[in-house]
There are 2 protein chains.
Amino acid sequence: MSDNLAEDQSMIYREKGYRCGIDVTLAVVGGKWKSSILWHLAQETMRFSDLQRQFSDTTRKMLTQQLRELEADGMVHRKVYPQVPPKVEYSLTEKGRSIHPILEQMCAWGKAFVGE
Amino acid sequence: MSDNLAEDQSMIYREKGYRCGIDVTLAVVGGKWKSSILWHLAQETMRFSDLQRQFSDTTRKMLTQQLRELEADGMVHRKVYPQVPPKVEYSLTEKGRSIHPILEQMCAWGKAFVGE
DNA sequence: TTTTACGGTTCCCAAAGGGGTACTACGTTC
DNA sequence: GAACGTAGTACCCCTTTGGGAACCGTAAAA
């Protein structure tokens with residue numbers, strides 16, 4: 001299912017103690033910013049600075065951290081352009097795109113929950 | 001949508017800082033045992049001791065905690081029988097049942113993720 | 001020569017979440 | 001009179017997660 005090394009190095013494979021598929025899914029999208037990142041990247045490839053602008057209420061550090069974990073899980077692809085100043089583009093992998101229907105349903109359910 | 005007080009006292013309404021429906025959904029099912037509890041209660045109403053047997057790798061305290069939060073969010077219904085020794089039955093509310101399709105998809109996605 | 005842009009990393013700290021052990025209530029049974 | 005069974009609660013601890021502030025490297029621009 002994976003065509004590169006990402007799956008072998010995936011956090012989720014190193015992580016112990018998940019009991020079913022739901023736990024796995026939560027581990028992948030459960031971080032504070034992960035679902036939002038996946039959501040925005042579904043619309044368009046973004047540079048790191050674009051993401052910073054989009055998530056102005058968090059820090060570079062948190063963004064980097066969440067992106068690295070998503071990358072380790074094979075959800076996003078990180079493309080570095082060897083230039084100065086640096087340019088790094090983030091986009092969804094096939095796996096990253098595959099979770100979008102679930103995110104949409106979670107979004108709808110959550111909105112219904114708070115009564116919109 | 002709610003026919004009792006649970007919604008007004010819901011944790012999720014007291015909780016600040018969720019940015020979209022996805023955050024709300026994650027807040028409701030994101031606890032370590034919550035999704036599993038919802039999953040099992042979808043099959044059958046269970047007594048507290050049934051849940052203890054089912055989740056033998058956690059403690060009474062954690063179970064109680066997660067159940068109380070799910071109850072506060074209007075996901076499960078707690079029925080106390082006034083007898084000794086105590087008897088308490090947990091079942092899903094309509095709202096609790098409504099999230100089952102999402103849990104099923106999360107389960108399937110997670111299994112696919114780890115490559116089963 | 002200093003500043004700017006970009007995409008980070010390091011160190012340290014606070015809050016949240018999860019968990020273990022012991023204690024409780026009380027009617028029934030031994 | 002002691003033990004049992006159910007469904008908890010109280011107190012304390014540890015780990016994980018999130019976050020803030022400062023620092024870094026390099027080439028081009030001012």
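Note that these values count all heavy atoms, side chains included, but never hydrogens, waters or copies made by symmetry. Note on naming: letters A, B, ... go to the chains in the order of the sequence lines (proteins, then strands), and numbering restarts at 1 for each one.
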Check step by step if side chain to side chain contact (heavy atoms under 4.5 Å, CB included) holds for D23(B) and S35(A).
CA-CA 8 Å; D23(B) 285 2; S35(A) 61; 4.2 Å; yes
dG8(C) P sits how many Å from D50(A) CG, rounded?
13 Å
Per nearest nucleotide of DNA chain C, the residue lying toward the 5' end, K61(A) or P86(A), is P86(A)
Can you tell me if Q66(A) touches the phosphate of dG18(D), counting only side-chain N or O atoms and a distance under 4.0 Å to OP1 or OP2?
yes
Keeping the roles fixed (side chain from Q66(A), backbone from W33(A)), state whether a donor-acceptor pair exists under 3.5 Å.
yes
With a cut-off of less than 4.0 Å, is there a side-chain N or O of Q65(A) near OP1 or OP2 of dG8(C)?
no
Which atom names give the shortest non-hydrogen contact between R19(A) and S36(B), and what distance separates them?
NH2-OG, 3.7 Å
Atom-pair distance (NZ on K32(A); P on dG20(D)), nearest Å
9 Å
Is there a side-chain contact between Y81(B) and the phosphate of dG27(C), meaning an N or O under 4.0 Å from OP1 or OP2?
no
Between S49(B) and R60(A), which is nearer to the 5' end of DNA chain D once each is assigned its nearest nucleotide?
S49(B)
Distance in angstrom units between R53(A) CZ and dC6(C) C1', rounded:
10 Å
State whether W33(A) places a side-chain N or O below 4.0 Å from either non-bridging phosphate oxygen (OP1 or OP2) of dT17(D).
no
Shortest side-chain distance from T64(A), nucleotide among dG19(C), dG8(C), dT9(D)
dG8(C)
Between CZ of F55(A) and P of dG8(C) the distance, given in whole Å, is 15 Å
Interatomic distance, M62(B) CE vs dA16(C) P [rounded to whole Å]:
16 Å
Separation of dA7(D) atom P from R78(B) atom CZ, nearest Å, is 10 Å
Looking at the side chain of P85(B), which of dG8(D), dG5(D), dG19(D) is the nearest nucleotide?
dG5(D)
Report the distance from atom CG of L67(A) to atom P of dT9(C), rounded to the nearest whole Å.
11 Å
Between T25(B) and M106(A), the two heavy atoms sitting closest are OG1-O, 2.7 Å
Whole angstrom value for the distance that separates P of dG8(C) from NZ of K87(A)
14 Å
With a cut-off of 3.5 Å and sequence neighbours excluded, list every side-chain donor-acceptor pair involving residues 55-63 of chain A.
unit_1, atom_1, unit_2, atom_2, d
T59(A), OG1, M62(A), N, 3.2

